[in-house]
Structure formats: C-alpha cells, structure tokens
Chemist: 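Dumping the structure here so I can ask a few things about it.
These figures come from a predicted structure and were not determined experimentally. Atoms within a ligand are numbered from 1 in the order they appear, just like the ligands themselves.
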Amino acid sequence: MGAYIEMGKLFVISGSSGVGKGTLLKLFLDKHPEFKLSVSCTTRKPREGEENGVNYFFLSTEEFNNLIKNDEFLEWAEFSCNMYGTQKAYVERKLSEGKNLILELDTTGALNVKKVMPEACLIFILPPSMEELESRLRGRHTESEDAIQKRLNTVKIEIERSNQFDYKIVNDDLEKALLELENVMCK
Ligand code: ADP
Ligand code: 5GP
C-alpha cells in the first residue's frame, strides 16, 4: 500500500510592484524548504539574470493564448501590458506531492484563485508609504520609466483590494515583516 501523503497548503502573496515580495519570499524560502514557490507563465521578456523555468516560463503571446484556449490556467491576468498565468496542472501536482505552494500573483489573480480555491490563504504586502514604494521600485533599476509609471498607476486599486485578503503585512523593517509572514504561514 502506498504511503498517505497529506495535501500541501496553498498561499497567495500579492502587493504592489517594488513592495518587496521577492525579497521577503527569498528570505522565507531559504529558511523554510518545505515551501515551494510556483513558477508562472508570462509573456514579459526576461530581465537580466532571469531563467526560463526558474523565474517564469517565458512564452510568446501565441503560446500563452493557446493555454487560455485549452483551459489550462487556474487563473491568468494582464498586468502592465503583459500576460501572467498559473497552470492548473502544476498547482495540482505540487499540492498532491504534499508541498506547501506559494503563488506570487497580482491582485486580480489572487482574488480569482480565492473564488475557485477558497481554502487558499491570501496575504497582501503593504509598503510603509507611497514614497518608499516608489523609491524601492526605482532603486531596483529593472524597469524603464514607462514600466515604472504603469506599475505605479495600479497601486491605488491594489491597496483598495487588499481589504479582501486574509492577512496584511507592512514591509517596513524586513526582519519584522519576515517574522509576521512566518506567523501566518507556519502556524
Ligand atoms: P517586488 O518583488 O515586490 O516587486 P522586490 O523584492 O524586488 O519587490 O523589492 C524591490 C526593492 O526594494 C529591492 O531593491 C529590495 O532590495 C528593496 N526592499 C525590499 N524590502 C525592503 C525593506 N523592507 N526595506 C528596504 N528596502 C527593501
Ligand atoms: P513582474 O513582471 O514584476 O515579475 O510581475 C508583475 C506582477 O505580476 C506581480 O504583481 C506578480 O505578482 C504578478 N504575477 C506573477 N505571476 C503571476 C501569475 O501567474 N498570475 C498573475 N495573475 N499574476 C502574476
């Protein structure tokens, strides 16, 4: 008889671009190898250092549209003129292997996941202030001015939507935010 494997738990992390999701998640994942970060599909071009299959599955618009047509996404959304999506089969496989899976999604994707998987735990990361958010986004030096403006334009609606999340964490002091994340995810 095969060993019984308990299903993993599903977590969704959202927050405006530049708030520190990636930084926080890296620290969290280094400390908690029993969690796995999901790899999404995107039509965005890779940034320097990003690898296909590691950071994202980088697809053409045609490839992405085919996955939509074949109903292969658990959720997908257009964000800042690019398409992003999470494959159903990928999530099902990881959860059935007993992995606690983290999806890092925009707010549309996060709320769509909650509709189909109400057991998912939604966590929203807030900046200490708008000024600090903008300074982090610019300080990262990964986006053009146009891309920065597009990302800043969505912040108001993202913060309004944060009220529909299960937990909100302010990423002011990184260590403090990490502790709060651990309190929510490791209880
Ligand atoms: P996101 O993944 O949410 O887009 P990043 O993790 O790339 O954001 O962080 C954006 C920038 O802000 C990075 O340069 C990162 O080093 C910095 N950063 C993240 N968290 C903090 C923090 N608590 N205090 C100061 N800077 C931070
Ligand atoms: P970036 O281009 O900075 O990597 O990501 C831009 C935004 O897309 C971020 O808010 C990120 O959380 C979101 N994102 C990444 N993958 C997915 C996904 O699979 N689905 C959705 N809906 N959003 C995603």
Chemist: Please state which protein non-hydrogen atom is closest to atom 20 (N) of ligand 2 and give its distance, to 0.1 Å?
Modeler: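 Answer for atom 20 (N) of ligand 2: Glu75 OE2, 2.7 Å.
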Chemist: For Gly15, is at least one N or O under 3.5 Å away from an N or O on ligand 2?
Modeler: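 Such a contact does not occur with ligand 2.
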Chemist: Taking only residues two or more places apart in sequence, or in another chain, which ones meet Asp146 in a side chain to side chain contact (heavy atoms under 4.5 Å, CB included)?
Modeler: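 Scan of Asp146 (side chain to side chain contact (heavy atoms under 4.5 Å, CB included), adjacent residues dropped) gives Ser144, Lys150.
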Chemist: Between Arg47 and Glu143, is there a side-chain N and carboxylate O pair less than 4.0 Å apart?
Modeler: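 Yes, charged N to carboxylate O under 4.0 Å.
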Chemist: Please tabulate, one line per pair, the protein nitrogen or oxygen atoms found under 3.5 angstrom from a nitrogen or oxygen of ligand 1, with distances to 0.1 Å, or say none if there are no such pairs.
Modeler:
unit_1   : atom_1 : unit_2 : atom_2 : d
ligand 1 : 2 (O)  : Gly22  : N      : 2.9
ligand 1 : 3 (O)  : Val19  : N      : 3.3
ligand 1 : 3 (O)  : Gly20  : N      : 3.0
ligand 1 : 3 (O)  : Lys21  : N      : 2.8
ligand 1 : 3 (O)  : Lys21  : NZ     : 2.9
ligand 1 : 4 (O)  : Gly18  : N      : 2.8
ligand 1 : 4 (O)  : Arg140 : NH1    : 2.7
ligand 1 : 6 (O)  : Gly22  : N      : 3.3
ligand 1 : 6 (O)  : Thr23  : N      : 2.8
ligand 1 : 6 (O)  : Thr23  : OG1    : 2.5
ligand 1 : 7 (O)  : Arg140 : NH1    : 2.9
ligand 1 : 8 (O)  : Gly20  : N      : 3.1
ligand 1 : 20 (N) : Asn171 : ND2    : 3.1
ligand 1 : 23 (N) : Asn171 : OD1    : 2.9
ligand 1 : 23 (N) : Asp172 : O      : 2.9
ligand 1 : 24 (N) : Arg136 : NH2    : 3.3

Chemist: For Glu158 and Thr107, does a side-chain donor sit closer than 3.5 Å to a side-chain acceptor?
Modeler: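 There is no such pair (donor and acceptor under 3.5 Å, judged by atom type) between the side chains of Glu158 and Thr107.
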Chemist: To the closest 0.5 Å, what do you measure between CZ (Phe11) and CG (Leu122)?
Modeler: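 Separation between the atoms: 11.0 Å.
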Chemist: Could you tell me whether Phe79 approaches ligand 2 through its side chain, its backbone, both or neither, with non-hydrogen atoms closer than 4.0 Å?
Modeler: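 Answer for Phe79: side chain.
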Chemist: Would you mind running through ligand 2 and noting each atom that sits below 4.0 Å from a heavy atom of Arg44?
Modeler: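 Here the atoms of ligand 2 in question are 1 (P), 2 (O), 4 (O).
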Chemist: About how many Å separate CG of Asn100 and CG of Leu95, when rounded to the nearest 0.5 Å?
Modeler: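 Here the rounded value is 8.5 Å.
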Chemist: Note the single closest protein heavy atom to atom 14 (N) of ligand 2, along with its residue, its atom name and the distance in Å.
Modeler: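 Result for atom 14 (N) of ligand 2: Glu104 O, 3.5 Å.
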Chemist: Any Lys/Arg nitrogen of Arg138 or Glu145 sitting under 4.0 Å from an Asp/Glu carboxylate oxygen of the other?
Modeler: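 The answer is yes: the pair qualifies as a salt bridge.
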Chemist: Please write down residue, atom name and distance for the protein heavy atom closest to atom 16 (N) of ligand 2.
Modeler: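 That would be Ser40 OG, 3.1 Å.
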Chemist: Quick test of your reading: applying salt bridge (Lys or Arg N to Asp or Glu O under 4.0 Å), list the pairs with at least one residue in residues 175-187, sequence neighbours left out, ordered by first then second residue.
Modeler: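 Those involving residues 175-187 are Lys31-Glu182, Lys176-Glu180.
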Chemist: Sequence neighbours left out, what pairs pass salt bridge (Lys or Arg N to Asp or Glu O under 4.0 Å) with at least one residue falling in residues 51-71?
Modeler: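 Non-adjacent pairs meeting salt bridge (Lys or Arg N to Asp or Glu O under 4.0 Å): Asp71-Lys88.
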Chemist: Only heavy atoms of Ala77, strictly under 4.0 Å: list the atoms of ligand 2 that pass.
Modeler: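 Selected atoms, number and element: 22 (N).
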Chemist: Can you list the ligand 2 atoms lying under 4.0 Å from a non-hydrogen atom of Gly109?
Modeler: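 Numbered from 1, ligand 2 contributes 22 (N).
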Chemist: Can you find a heavy atom in the side chain of Lys114 that is under 4.5 Å from one in the side chain of Asp166?
Modeler: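 Side chain of Lys114 against side chain of Asp166, heavy atoms only: contact under 4.5 Å found.
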Chemist: Answer yes or no: does an N/O atom from Trp76 fall short of 3.5 Å to an N/O atom of ligand 2?
Modeler: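 Between Trp76 and ligand 2 (N or O atoms, distance only) the closest approach is not under 3.5 Å.
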Chemist: Could you check atom 13 (C) of ligand 2 against the protein and tell me its nearest heavy-atom contact, residue, atom and distance included?
Modeler: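 Going by distance alone, atom 13 (C) of ligand 2 is nearest to Asp106 N, 3.5 Å.
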Chemist: Where does Gln87 meet ligand 2, judged by heavy-atom distances below 4.0 Å: at the side chain, the backbone, both, or neither?
Modeler: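 For Gln87, no heavy atom sits under 4.0 Å from ligand 2.
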Chemist: Going by atom types alone, do Arg44 and Thr42 pair a side-chain donor with an acceptor below 3.5 Å?
Modeler: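 Distance-only check fails for Arg44 and Thr42.
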Chemist: Could you tell me if any non-hydrogen atom of Thr86 lies under 4.0 Å from any atom of ligand 2?
Modeler: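 Right, Thr86 reaches ligand 2.
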Chemist: Going by distance only, is there an N or O of Arg151 that falls short of 3.5 Å from an N or O of ligand 2?
Modeler: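 For ligand 2, there is an N or O atom that lies under 3.5 Å from one belonging to Arg151.
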Chemist: Under a 3.5 Å threshold, yes or no: a donor from one side chain and an acceptor from the other, between Lys45 and Asn82?
Modeler: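 No donor-acceptor contact under 3.5 Å links the two side chains.
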Chemist: Which bit of Lys45 is near ligand 2, meaning a heavy atom under 4.0 Å away: side chain, backbone, both or neither?
Modeler: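 Neither part.
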Chemist: For this output row, return yes or no: ring centroids of Phe64 and Phe57 closer than 6.0 angstrom.
Modeler: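 Distance test on ring centres: not under 6.0 Å, no.
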Chemist: Please indicate whether Leu29 has more than 12 foreign heavy atoms, meaning atoms of other residues, nucleotides or ligands, lying under 6.0 Å from its CG.
Modeler: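 Yes, CG of Leu29 has more than 12 neighbouring heavy atoms, counting only those of other groups under 6.0 Å.
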Chemist: If you have a sec, work out which protein heavy atom is nearest atom 4 (O) of ligand 2 and how many Å separate them, to one decimal?
Modeler: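 Minimum-distance protein heavy atom for atom 4 (O) of ligand 2 reads Tyr56 OH, 2.5 Å.
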